[in-house]
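Input: a single structure, listed below in structure tokens.
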Protein chains: 2
Amino acid sequence: MSLRYAMLGLLADRPASGYDLLQRFKTSLSNVWPATQSQIYTELTKLADTGQIAVTDEGPRGRKEYTITDEGQAELRQWLVGALPRPARNEMLLRIFFLGAITPDQAREYLTALETRAEQGLAGLTGLKEAVDWEDNDFSNYGRIAMEWGERYFAMNQEWAQWALKQMPQRDNSLGR
Amino acid sequence: MSLRYAMLGLLADRPASGYDLLQRFKTSLSNVWPATQSQIYTELTKLADTGQIAVTDEGPRGRKEYTITDEGQAELRQWLVGALPRPARNEMLLRIFFLGAITPDQAREYLTALETRAEQGLAGLTGLKEAVDWEDNDFSNYGRIAMEWGERYFAMNQEWAQWALKQMPQRDNSLGR
DNA sequence: TTCCGCATGTAATGGGTTACATGATTAG
DNA sequence: CTAATCATGTAACCCATTACATGCGGAA
């Protein structure tokens, strides 16, 4: 349901083709709202049918460049000021609840993997932060705020995973699975 | 896809009917993996068909109590030691990217609402922590670890929202929408 | 006897993923 | 000429949500 708004949001920043949008989803939005090629083109057609975007240019290879319309802008704004989204499912946490079904060694492996991922995620974000050329516009400014969330999120996860490992019974020398 | 494992996980803890599972989803798992009544009953039928759970008792009003089978246990364990789940979509963050489409005042409202929710979420968890009677078994132990994640998560969100509000241009006195 | 809670099931719709399918341009 | 990239579109399947639909049992 939010895919359409993600697309409207990107098109509000600047006009783009389906292919362009796909690239932007792969880079800046991949961690936040992944979208497939299939989905993007299907949704573009729907949005054009309902008049929220319009083809404003055509290029080689059937390229169609879409621009957001006033109706689309209004729709986007309505979404942004609407009720808070309810938090999504969390598979990573769900697994935690059931770790009693595997051995403590295996459970520790899981927590260690989470710690590693958090560490790498943080490193990745730090790299990205330097790679991006931050401009002085809304999109960049709010992008930085989103990135700050990501950094804090990864840091929190790393610390939590370390804490959780300390809660576990240490060193299980039993053999076999 | 994870719903089946959530159900297997609960049934690994103890046998239950669809109705029982529904209650447990509503209480302990609602923040982590919400599930509807409809979904639970449909999935119970599938799991029974594939032999991962079995009806081990029947009660009044057509009540069927299900127990996890060895095959179900194996399936659950395989999920738990499998590849790390990829992080889910984050609508709350997605909105951040596009806040430039609304006024700074409206954007601040959004951030304030996030802060409030984090604060309340933290309070709710603290209350829950005291309400639950923590036993000395795996399910309780890992439940505590999951709860700790929740506390840290809400705290992080609250601090981040406060930080984000400080980044915003202060006090916009312009009129109009 | 009446209401609440227990208890189960199905159907329609929408969104997401994977796979299938095709073809034009451009750079080397 | 050939490979990589640009570029779009469709179909099948699965999962989740909402709504519909029914009925028993126990307590007041």
Side-chain angles (χ1 to χ4, degrees), chain A residues 1-8 10-11 15-27 29-50 52-66 75 79 83 85-91 94, chain B residues 1-8 10-11 15-27 29-50 53-66 79 83 85-91 94:
Chain A
M1 183 71 218
S2 299
L3 172 72
R4 67 180 326 136
Y5 300 110
M7 289 172 60
L8 287 173
L10 289 174
L11 290 174
S17 69
Y19 192 84
D20 293 341
L21 290 178
L22 183 59
Q23 308 312 314
R24 297 186 75 184
F25 271 98
K26 268 196 249 177
T27 55
L29 289 184
S30 66
N31 297 310
V32 167
W33 205 271
T36 61
Q37 174 264 351
S38 163
Q39 228 182 332
I40 289 171
Y41 284 104
T42 310
E43 194 64 33
L44 276 175
T45 310
K46 282 193 216 162
L47 285 170
D49 283 350
T50 57
Q52 301 182 316
I53 61 176
V55 176
T56 46
D57 195 17
E58 308 212 4
R61 277 163 293 196
R63 181 177 207 272
K64 284 182 273 183
E65 195 169 76
Y66 293 91
E75 183 83 5
W79 174 67
R86 42 176 165 178
R89 295 178 161 72
N90 189 335
E91 185 177 342
L94 180 65
Chain B
M1 184 71 215
S2 298
L3 173 72
R4 67 181 324 136
Y5 300 109
M7 290 172 60
L8 287 174
L10 289 174
L11 290 174
S17 68
Y19 192 84
D20 293 340
L21 290 178
L22 183 58
Q23 310 310 315
R24 297 186 73 186
F25 271 97
K26 268 195 248 177
T27 55
L29 289 185
S30 66
N31 297 310
V32 168
W33 205 269
T36 61
Q37 175 264 350
S38 163
Q39 229 183 333
I40 288 170
Y41 284 105
T42 310
E43 193 65 32
L44 275 175
T45 311
K46 283 192 216 163
L47 285 170
D49 284 349
T50 57
I53 61 176
V55 177
T56 45
D57 196 16
E58 307 211 5
R61 279 164 291 194
R63 180 178 208 274
K64 284 181 274 185
E65 195 168 76
Y66 293 91
W79 173 67
R86 42 176 165 178
R89 295 179 160 71
N90 189 335
E91 186 177 342
L94 180 64

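Just so it is clear: chains get the letters A, B, ... in the order the sequence lines come, proteins before strands, and each one is counted from 1.
Distance from the side chain of A:Thr42 is smallest for D:dT10 among the nucleotides C:dA7, D:dC6, D:dT10. Comparing C:dG15, C:dG16, C:dT8 against the side chain of B:Tyr41 picks out C:dT8 as the nearest.
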Let's go through A:Tyr5 and B:Leu94 carefully: what are the C-alpha distance in whole Å and the side-chain angles of both, what is the deciding distance for side chain to side chain contact (heavy atoms under 4.5 Å, CB included) to 0.1 Å, and is it a yes or a no?
CA-CA 9 Å; A:Tyr5 300 110; B:Leu94 180 64; 5.6 Å; no

Verify side chain to side chain donor-acceptor pair (under 3.5 Å) between A:Glu65 and A:Thr56, making sure each step is shown before the conclusion.
CA-CA 6 Å; A:Glu65 195 169 76; A:Thr56 46; 4.7 Å; no

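Nearest-nucleotide positions on DNA chain C for B:Ser17 and A:Leu3 put B:Ser17 closer to the 5' end.
With a 4.5 Å cut-off on side-chain heavy atoms, A:Phe25 and A:Leu10 count as touching. Side-chain atoms of B:Leu3 and B:Trp33, non-hydrogen and from C-beta on, do get closer than 4.5 Å to each other. The side-chain heavy atoms of A:Arg61 and A:Tyr19, taken from C-beta on, include no pair separated by under 4.5 Å.
Summarising the geometry, the separation between NZ on A:Lys26 and P on D:dC6 is reported as 9 Å, rounded to the nearest angstrom. Rounded to whole angstrom, the span from the CD atom of B:Gln23 across to the C1' atom of C:dA7 amounts to 10 Å. Regarding B:Glu91, its CD atom lies at a distance of 15 Å from the C1' atom of C:dG16, rounded to whole Å. Look at CH2 on A:Trp33: it is 14 Å from C1' on C:dT17, rounded to the nearest Å. One interatomic measurement links the two molecules: CE of B:Met1 to C1' of C:dT18, which rounds to 15 Å at whole-angstrom precision. With rounding to whole Å, B:Leu94 atom CG is found 11 Å from C:dG16 atom P. Summarising the geometry, the separation between CZ on A:Arg63 and P on C:dT26 is reported as 12 Å, rounded to the nearest angstrom. Across the protein-nucleic acid pair, B:Phe25 atom CZ and D:dC15 atom C1' stand 14 Å apart, rounded to whole Å.
Across all strands shown, A:Arg89 has heavy atoms under 4.0 Å from sugar-phosphate atoms exclusively, and none from any base.
Taking a cutoff of 4.0 Å between a charged side-chain nitrogen and a carboxylate oxygen, B:Arg63 and B:Asp20 qualify as a salt bridge.
For A:Glu75, the salt bridge (Lys or Arg N to Asp or Glu O under 4.0 Å) criterion is met by no residue, not counting sequence neighbours.
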For each nucleotide in nucleotides 18-28 of chain D, reading 5' to 3', give B when a protein heavy atom comes within less than 4.0 Å of its base, S when such contact involves only the sugar-phosphate, and - otherwise.
BB---BBS---

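Listed pair B:Lys64 / C:dG9 meets the phosphate criterion, a side-chain N or O lying under 4.0 Å from OP1 or OP2.
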